[in-house]
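Chain A is the first sequence line, chain B the second, and so forth, proteins listed ahead of strands; every chain is numbered from 1.
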Number of protein chains: 2
Amino acid sequence: MLVVLARCRVHYDGRAKSELGSGDRIIMVKPDGSFLVHQSKKREPVNWQPPGSFVSVEERNGKVILRSVRRKPKETLEVELEEIYLASLFRAEDYEELDLTGSEAEMAEMIFKNPELIEPGFRPLFREKPVGSGIVDILGKDNRGNLVILELKRRKADLHAVSQLKRYVEALGGEHGNVRGILVAPGLTSGARRLLEKEGLEFRKVQPPKRGEFKRGKQKTLF
Amino acid sequence: MLVVLARCRVHYDGRAKSELGSGDRIIMVKPDGSFLVHQSKKREPVNWQPPGSFVSVEERNGKVILRSVRRKPKETLEVELEEIYLASLFRAEDYEELDLTGSEAEMAEMIFKNPELIEPGFRPLFREKPVGSGIVDILGKDNRGNLVILELKRRKADLHAVSQLKRYVEALGGEHGNVRGILVAPGLTSGARRLLEKEGLEFRKVQPPKRGEFKRGKQKTLF
DNA sequence: TGGTTGATATCGCAA
DNA sequence: TTGCGATGTCAACCA
């Protein structure tokens with residue numbers, strides 16, 4: 001990994017196009033081709049290149065230029081180094097991967113193990129089930145035999161989430177009889193609630209579970 | 001800005017929760033509170049804290065710990081430094097902002113200046129117009145007086161984009177007469193095309209314009 | 001490779 | 001602060 005602290009200018013052209021005038025930034029080049037230029041604010045790099053890009057060093061008019069090119073889509077990033085304060089090559093040894101909990105995938109596992117979190121008699125049948133237009137999170141049946149579509153969100157659900165659920169319900173509703181759609185999330189935005197009710201869809205309040213923690217309140221521990 | 005190259009462990013708890021075992025990483029702490037931990041792969045940090053977080057340094061069991069706390073949502077990130085290879089404090093002077101072109105906003109400007117890019121007689125009336133559920137990109141009328149909703153995408157439009165457009169059309173369709181929905185984008189995914197046709201919505205192929213470049217083909221320069 | 005969707009998404013804007 | 005939508009979103013997963 002290469003880390004450079006420098007005053008520089010940055011030029012990008014590809015899916016979009018950008019220019020960044022002279023200033024002090026941190027430049028990071030990773031062995032997988034990832035290329036990051038960070039200003040002193042925000043979590044996001046001001047310019048970047050994703051993994052798989054190819055980096056090279058040139059000299060133009062006495063200035064060192066870091067150039068990164070990506071094929072498909074064709075994108076070019078050029079960093080014109082004006083003054084280098086520090087450059088460090090770092091042979092990073094790292095065999096560990098992030099272990100994360102509290103994802104939507106874990107919400108789905110929890111519901112398959114405890115279907116009564118949705119309602120008594122709910123039976124989950126499919127996970128990530130492709131339907132006419134899109135992929136349903138969980139497809140199951142209720143105790144009356146109606147098809148039930150669950151759309152899970154690990155955080156407060158918004159209008160997009162309701163549209164998504166509605167799209168799945170309409171994709172299945174044409175072929176089958178009555179199809180229920182249930183949005184499963186820790187909460188709803190005001191607009192999502194309005195649209196959900198207008199469309200005759202339902203909501204179940206469920207928090208994404210975190211491994212190694214106890215749950216409180218209505219949502220009991222799994223087992 | 002602080003840059004540290006170190007072998008470390010990382011612990012995060014907040015909206016989700018994660019653990020990362022010992023390995024070499026690059027740690028970056030920005031003056032606005034942004035906190036990044038990068039492994040040697042991918043564009044994304046493996047762990048992070050967004051701007052507005054508060055960083056502190058502690059010592060625990062003879063180990064230095066970088067700790068960043070965020071209020072609302074309550075989130076904590078701890079980096080346990082096991083071996084520090086390099087630590088650098090960088091007083092970055094930077095008064096420049098990114099100048100980017102080729103955005104959806106510029107697509108909208110282009111359409112307001114050249115409405116015939118959509119069709120002869122199209123008249124754009126509102127930009128970012130709130131409707132019952134959501135905000136329409138461009139609301140206008142065609143030469144027969146029908147309401148027309150444009151949903152713009154700077155890249156290939158997907159199912160999500162069609163759902164969004166459909167949501168707006170249905171929000172206005174209830175109150176007004178015939179309402180047309182047009183997806184304006186450089187392309188469509190296969191599924192998006194299927195759904196668009198099924199729903200009786202329309203498509204216009206338009207590329208987002210880049211300032212300082214000439215256009216080719218059907219889409220003429222604006223000048 | 002294209003399609004689809006999740007994400008500790010982040011970020012900007014408006015009410 | 002909440003809601004809403006764009007992003008050069010990125011990244012994972014599947015057909």
| query | Can you list the steps and then say if A:Tyr95 with A:Glu93 is a side-chain hydrogen bond (donor to acceptor under 3.5 Å, both in side chains)? | reply | CA-CA 7 Å; A:Tyr95 309 103; A:Glu93 274 196 50; 2.9 Å; yes

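Counting all heavy atoms, side chain and backbone alike, B:Ala16 lies closest to B:Asp13 at O-OD1, 3.4 Å.
At most 12 heavy atoms of other shown residues, nucleotides or ligands fall within 6.0 angstrom of atom CZ in B:Arg193. Counted within 6.0 Å of CZ on A:Phe112, heavy atoms from surrounding residues, nucleotides or ligands total more than 12; the atom is thus considered enclosed.
One side chain, B:Glu106 or B:Thr101, offers a donor N or O that lies under 3.5 Å from an acceptor on the other. Judged purely by distance below 3.5 Å, without hydrogens or angles, the side chains of A:His11 and A:Lys17 never pair a donor atom with an acceptor atom.
One interatomic measurement links the two molecules: CZ of A:Phe35 to P of D:dC10, which rounds to 15 Å at whole-angstrom precision. Between the CE atom of B:Met107 and the C1' atom of D:dG5 there is a distance of 15 Å, rounded to whole Å. The CG atom of A:Leu196 sits 13 Å away from the P atom of D:dC4 (whole-angstrom rounding). Here the C1' atom of nucleotide D:dC10 and the CG atom of A:Asp32 are 13 Å apart, to the nearest Å. For the pair A:Leu188 CG and D:dT2 C1', the interatomic distance rounds to 14 Å; values are reported in whole Å. If you measure from atom CG of A:Leu36 to atom C1' of D:dC10, you get 12 Å, rounded to the nearest angstrom. Separating the CD atom of B:Gln207 from the P atom of D:dG8 is a distance of 16 Å, rounded to the nearest angstrom. Here C:dC13 presents its C1' atom at 17 Å from NZ of B:Lys129, a figure rounded to the nearest Å.
Map B:Pro130 and A:Lys72 each onto its nearest nucleotide of DNA chain C; the residue landing nearer the 5' end is A:Lys72.
With C1' as the reference atom, C:dA7 and D:dG5 are 16 Å apart, rounded to whole Å. Separation of the C1' atoms belonging to C:dT10 and C:dG6 is 14 Å when rounded to the nearest angstrom.
Note on B:Lys41: every side-chain N or O is 4.0 Å or more away from OP1 and OP2 of D:dA11.
Seen from the ring of B:Phe54, B:Arg70 does not count as a face-on cation partner, given the 6.0 Å and 45° thresholds.
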| note | Readout for nucleotides 4-9 of chain C: B = base within 4.0 Å of protein heavy atom, S = sugar-phosphate only, - = neither; 5' to 3' it is SBSSBB

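Counting any heavy atom pair closer than 4.0 Å across all strands shown, A:Pro51 reaches sugar-phosphate atoms only and no base atom. Residue contacts for B:Pro73: at a heavy-atom cut-off of 4.0 Å it reaches no nucleic acid atom on any strand shown.
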